[in-house]
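To start, the structure under review is shown below, and the notes come after it.
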Number of protein chains: 2
Amino acid sequence: MSQENLAYTPSACRPVTDVLSLIGDKWTVLIVMLLADGPRRFNELKRMVNGISQRMLTLTLRNLEREGLVNRTVFPTVPPRVEYELTALGKSLKAPVAALGQWAHANQLQMDLARLEFDKKAAEAA
Amino acid sequence: MSQENLAYTPSACRPVTDVLSLIGDKWTVLIVMLLADGPRRFNELKRMVNGISQRMLTLTLRNLEREGLVNRTVFPTVPPRVEYELTALGKSLKAPVAALGQWAHANQLQMDLARLEFDKKAAEAA
DNA sequence: CTGTATCCTCTGAGATACTG
DNA sequence: CAGTATCTCAGAGGATACAG
């Protein structure tokens with residue numbers, strides 16, 4: 001990416017902003033990481049992600065499918081069976097997300113301490 | 001925000017969601033990238049980020065400061081002058097974010113096409 | 001089992017006005 | 001200049017019920 005100041009206005013930074021608004025929601029990254037191990041069925045995912053509502057799982061999956069990150073396969077059996085799996089594009093997202101994960105893991109403690117310190121000072125000021 | 005309610009949280013995944021809830025908002029990444037070049041004053045940032053409100057810039061900067069990614073320095077002059085700059089921790093975030101940015105840039109077209117295709121089929125079905 | 005359809009709540013975020 | 005204080009609104013996300 002360019003280092004020029006003007007390059008980072010919202011319009012010029014649209015790709016990054018777009019991607020962040022895609023994966024920056026509450027569940028998307030979690031689903032992508034779960035699918036990284038292989039195809040999963042709808043309720044299988046629902047059980048794995050404790051706390052997600054049926055609605056949000058559907059919406060998250062639909063959105064990923066829409067962006068071409070996930071393939072949805074319906075098996076016309078009774079009862080119906082639907083499998084979700086990452087596309088090649090979806091799999092390629094694993095690397096940068098993992099990089100972010102490593103950063104997060106490595107610096108979590110520092111951020112926790114900074115937050116405690118900040119809140120402590122804020123409390124003292126009040 | 002914490003994700004303590006997750007039943008299944010692979011080690012590579014939990015920190016990511018945490019960090020995404022930090023940087024996944026509308027302006028944070030933009031500000032971090034702007035500060036990557038060096039310290040900036042409040043209104044300087046405001047001018048650079050076209051479209052941000054005073055309130056959101058304040059909130060974004062406060063949050064970054066709270067997490068230890070940004071240092072805030074007040075110069076007791078008249079008129080007041082406040083400079084923001086990345087901490088070492090903040091600077092270390094540049095690399096993984098840039099990785100994500102490169103991925104976004106590299107795959108934007110694919111995602112656009114996938115979206116068009118998806119919407120086209122949805123329209124046909126309706 | 002895999003979804004849709006509603007309804008409802010709460011938060012993110014813009015606009016505006018005021019202050020040291 | 002660098003913020004705070006309110007007000008407001010749209011949309012994200014949860015709960016629940018229904019459907020193929």
Side-chain angles (χ1 to χ4, degrees), chain A residues 9-11 17-18 20-31 34-35 39-67 70-85 118 121-122 125-126, chain B residues 1-7 17 20-31 34-35 39-66 70-85 118 121-122 125-126:
Chain A
T9 56
S11 55
T17 312
D18 282 353
L20 281 171
S21 64
L22 202 206
I23 69 169
D25 67 45
K26 195 169 176 181
W27 304 109
T28 297
V29 162
L30 215 50
I31 301 297
L34 287 175
L35 290 177
R40 296 287 182 188
R41 300 181 57 176
F42 185 88
N43 268 0
E44 205 174 355
L45 288 170
K46 185 158 178 356
R47 274 190 303 273
M48 290 165 104
V49 184
N50 192 3
I52 195 172
S53 63
Q54 209 162 19
R55 189 180 103 96
M56 287 317 294
L57 182 53
T58 300
L59 289 179
T60 302
L61 254 13
R62 280 288 177 288
N63 203 35
L64 284 171
E65 190 195 357
R66 180 168 183 254
E67 305 290 331
V70 157
N71 275 330
R72 178 175 178 267
T73 311
V74 181
F75 299 89
T77 58
V78 176
R81 173 183 166 186
V82 180
E83 271 191 5
Y84 295 89
E85 70 178 326
F118 184 93
K121 287 189 179 175
Chain B
M1 300 296 273
S2 84
Q3 301 285 332
E4 293 160 6
N5 59 334
L6 300 176
T17 41
L20 278 171
S21 66
L22 201 209
I23 69 169
D25 67 50
K26 194 169 177 180
W27 304 107
T28 296
V29 163
L30 220 47
I31 301 297
L34 286 176
L35 290 177
R40 297 288 182 188
R41 300 180 58 174
F42 185 88
N43 268 359
E44 204 173 357
L45 288 170
K46 185 162 179 350
R47 274 189 302 272
M48 291 167 99
V49 183
N50 195 358
I52 195 171
S53 64
Q54 208 162 21
R55 178 172 171 266
M56 287 317 295
L57 181 54
T58 300
L59 289 179
T60 302
L61 288 170
R62 281 287 177 287
N63 202 38
L64 284 170
E65 189 193 358
R66 181 169 183 253
V70 158
N71 275 330
R72 176 174 180 270
T73 311
V74 181
F75 299 89
T77 58
V78 176
R81 173 183 165 185
V82 181
E83 272 191 3
Y84 295 89
E85 71 178 326
F118 184 91
K121 287 189 180 177

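The figures that follow rest on heavy atoms only: side chains count, while hydrogens, waters and symmetry mates do not. Residue numbering restarts at 1 for every chain, and letters A, B, ... go by the order of the sequence lines.
- Take A:S21 and apply the side-chain contact (heavy atoms from CB on, under 4.5 Å) test, not counting sequence neighbours, and it matches no residue.
- Applying the salt bridge (Lys or Arg N to Asp or Glu O under 4.0 Å) criterion to A:E44, with sequence neighbours excluded, gives A:R40.
- Residues B:I23 and B:V29 come closest through the heavy atom pair O-CG2, 3.6 Å.
- A search for side chain to side chain donor-acceptor pair (under 3.5 Å) contacts involving A:Q54 returns nothing, not counting sequence neighbours.
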How would you summarise protein contacts on nucleotides 4-20 of chain D per nucleotide, using B for base, S for sugar-phosphate only and - for none, with heavy-atom distances below 4.0 Å?
B-B------BBB----B
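- Legend: side chain to side chain donor-acceptor pair (under 3.5 Å) pairs involving residues 57-66 of chain B, not counting sequence neighbours, sorted by first then second residue: A:D119-B:R66.
- Across all strands shown, B:F75 has no heavy atoms under 4.0 Å from either base or sugar-phosphate atoms.
- An angle of 40°, rounded to 10°, separates the two end axes of the helix from C:dC1-D:dG20 to C:dG20-D:dC1, each defined over five pairs.
- Atom CG of B:N43 and atom C1' of D:dG3 are 10 Å apart (whole Å).
- Pairs passing the side chain to side chain donor-acceptor pair (under 3.5 Å) check and including a residue from residues 70-83 of chain B, sequence neighbours excluded, read B:R72-B:Y84, B:R81-B:E83.
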Test log, rule side-chain contact (heavy atoms from CB on, under 4.5 Å), inputs B:W27 and B:L57
CA-CA 8 Å; B:W27 304 107; B:L57 181 54; over 6 Å; no
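- On the nucleic acid side, DNA chain C has its first and last nucleotide under 4.0 Å of a heavy atom of chain A at C:dC1 to C:dT6, going 5' to 3'.
- In terms of modelled atom types and a separation under 3.5 Å, the side chain of A:D25 and the main chain of A:T28 share a donor-acceptor contact.
- A:K46 approaches A:I52 most closely through the heavy-atom pair NZ-O, 3.5 Å.
- For the pair B:E85 and B:P39, the tightest heavy-atom approach, listed with the atom from each and the gap, is OE1-CG, 3.8 Å.
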